[in-house]
Amino acid sequence: MRDGSGLVGWGEAARFEVSGPDRFAQADRWWQEFVSHLDVDDPLGVPGSGPVAFVSMAFADDPGDSVLIVPEVVVGRRNGEQWITTIGASDPAPLVASLSRPSAVRYSNGQLPVTQYREAVRSAVRRMRSGELDKVVLAHDLIATTDRRLDQRFVLQGLARRYPECWAYAVDGLVGATPELLLRRTGSVVDSRVLAGTTWPHDGVSDEELAAALMSSEKNLEEHDYAITSLAETLRPFCTTMSVEGPSVLRLPNVSHLSSDVIGTLESPTSLLHLGSAVHPTAAVGGTPRLDATQLIAQLEGMDRGRYAGPVGWIDGNGDGELGIALRCAQISGSTARLFAGCGLVADSDPDIEVQEAHAKMRPMREALEGL
């Protein structure tokens, strides 16, 4: 959901789990085969009507499990239109329980605590200054434990209320609100919102001053350029035309980002998952060069990101859909949530500042868990 538009599903008509370097191709084949056996009655015929699978892909080839879930019921709303899609004889009316919120949240170190994250950033900066690579994105995690089982709806409600500019999502326990759209396919049009380069509120500094400093920061502009270039270069072979608009400053309650939009026209029909396989991971969440950066991430983080920073969203029976990047999120299980935050690093990055940035990026999930 974004600003009141999107898809909500419940129940589980089908499920496909996959891992490994060919996870996108396997997921795409499974989905196309599943759809081919359906008798579809869809008079609306818009993206997101008819059969839909919710998608959450692992960040890395290994480890990490990806999942596609086909809900029994999907409710859609977009551009003034609303619809309900059911699979089989499913009852479209769910049993709705009241929202439950925790009264206490306790935090503890995850697999990569802040002190070790700072050292990982310092090591990465040394490697970049020696010329081994241009950019890498490192993340760390934080464990939140609540006094009762977490209600994902409560967490989503808080995220959607405070961050309407972001895409709020929940797929198989991965819950968050991402400001970054990896890919959206609507017929022959494909577009992306690329974010890289970040600042956050400082005492005595106005929003206008922060935005001006971000737009003139060589470090942030360099980081942003790597992200745009990686997305455009991997998407361009599929397109007959392509344009890049930006950068501009996207302001959110906790941080501001440099933001650019990439819009292309597909040369031939190509499914969203196939396109996602080509562009993931962009330099916005991996680095440049891609292979060197992903290898360094595995080496320095030493943790399983799971589906954090992987594509998350939905795909319909025509191959249209939206894939955001799973940022500002937590993997929720019972009364435990594993929160993630990461920062793009270049040779001029300062480890202490990057730790502050990661802390600012944790804020949306912490507030949502605490009901602020």
Side-chain angles (χ1 to χ4, degrees), residues 2 21 24-25 28 55 57 59-61 128 133-137 165-167 178-198 214-250 256-297 309-313 315 319-327 342-347:
R2 180 172 182 262
F24 286 90
D28 199 23
V55 179
M57 305 298 289
F59 172 79
D61 293 347
M128 287 183 287
L133 70 167
D134 298 315
K135 177 186 174 181
V136 66
V137 182
E165 310 91 339
C166 297
W167 286 265
T178 180
E180 190 155 2
L181 181 67
L182 177 66
L183 285 175
R184 172 171 44 210
R185 199 199 91 162
T186 310
S188 62
V189 177
V190 62
D191 65 295
S192 174
R193 184 166 81 177
V194 180
L195 305 181
T198 305
L214 188 59
M215 287 291 291
S216 61
S217 165
E218 290 188 13
K219 180 263 182 186
N220 284 293
L221 289 169
E222 179 186 21
E223 182 185 337
H224 189 77
D225 185 60
Y226 286 133
I228 285 291
T229 300
S230 72
L231 188 284
E233 286 182 350
T234 50
L235 189 59
R236 185 171 284 113
F238 299 95
C239 297
T240 56
T241 63
M242 179 177 290
S243 64
V244 178
E245 300 175 3
S248 60
V249 175
L250 173 68
S256 293
H257 297 290
L258 289 177
S259 172
S260 292
D261 294 323
V262 178
I263 304 171
T265 303
L266 293 173
E267 185 173 14
S268 60
T270 308
S271 79
L272 181 66
L273 286 172
H274 186 70
L275 294 169
S277 176
V279 302
H280 173 77
T282 70
V285 292
T288 303
R290 179 192 285 186
L291 182 58
D292 294 334
T294 53
Q295 290 176 344
L296 189 61
I297 287 170
V312 62
I315 184 170
D320 288 334
E322 295 177 329
L323 293 176
I325 299 177
L327 305 173
C343 302
L345 312 174
V346 293

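Just so we're clear, the structure is a prediction, and the values are computed from it rather than from any experiment. Side chains included, hydrogens not; waters and symmetry mates left out as well; all remaining heavy atoms used. In what follows, residues are counted from 1 in the order of the sequence shown.
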**Request:** With rounding to the nearest 0.5 Å, note down the distance linking CG in Leu275 to CZ in Phe24.
**Result:** 11.0 Å

**Request:** Output all residues satisfying salt bridge (Lys or Arg N to Asp or Glu O under 4.0 Å) with Asp61, sequence neighbours left out; order by chain, then residue number.
**Result:** Arg23

**Prompt:** Is there a side-chain contact between Cys166 and Arg2, using heavy atoms and a 4.5 Å cut-off?
**Reply:** no

**Message:** What's the separation between atom OG1 in Thr282 and atom CD in Glu233, rounded to the nearest 0.5 Å?
**Reply:** 12.0 Å

**Prompt:** Which pairs with one or both residues in residues 264-280 pass side chain to side chain donor-acceptor pair (under 3.5 Å), sequence neighbours excluded?
**Reply:** Asp28-Ser271, Thr241-Thr265

**Item:** Heavy-atom donor-acceptor pair, Lys135 side chain to Ala283 backbone, under 3.5 Å
**Value:** yes

**Item:** Test side chain to side chain contact (heavy atoms under 4.5 Å, CB included) applied to Asp292 and Val136, step by step
**Value:** CA-CA 9 Å; Asp292 294 334; Val136 66; over 6 Å; no

**Request:** Taking the side chain as every heavy atom from C-beta outward, state whether Leu272 and Glu322 have any pair of such atoms under 4.5 Å apart.
**Result:** no

Result block: side-chain N/O donor-acceptor pairs under 3.5 angstrom for residues 187-197, not counting sequence neighbours:
{"from": "Asp191", "atom 1": "OD1", "to": "Arg184", "atom 2": "NE", "distance (Å)": "3.2"}
{"from": "Asp191", "atom 1": "OD2", "to": "Arg184", "atom 2": "NE", "distance (Å)": "3.3"}
{"from": "Asp191", "atom 1": "OD2", "to": "Arg184", "atom 2": "NH2", "distance (Å)": "2.8"}
{"from": "Ser192", "atom 1": "OG", "to": "Leu181", "atom 2": "O", "distance (Å)": "3.0"}
{"from": "Ser192", "atom 1": "OG", "to": "Leu182", "atom 2": "O", "distance (Å)": "2.8"}
{"from": "Arg193", "atom 1": "NE", "to": "Pro179", "atom 2": "O", "distance (Å)": "3.0"}
{"from": "Arg193", "atom 1": "NH2", "to": "Glu165", "atom 2": "O", "distance (Å)": "3.3"}
{"from": "Arg193", "atom 1": "NH2", "to": "Pro179", "atom 2": "O", "distance (Å)": "2.5"}

**Side chain to side chain, His257 and Val249, heavy atoms closer than 4.5 Å** = no

**Asked** Can you check whether Ile315 reaches Leu273 side chain to side chain, under 4.5 Å on heavy atoms?
**Response** yes

**Request:** Measure the shortest side-chain to side-chain distance between Pro289 and Leu133 over non-hydrogen atoms and say whether it is less than 4.5 angstrom.
**Result:** yes

**Message:** Is the shortest side-chain heavy-atom distance between Ile297 and Phe59 below 4.5 Å?
**Reply:** yes

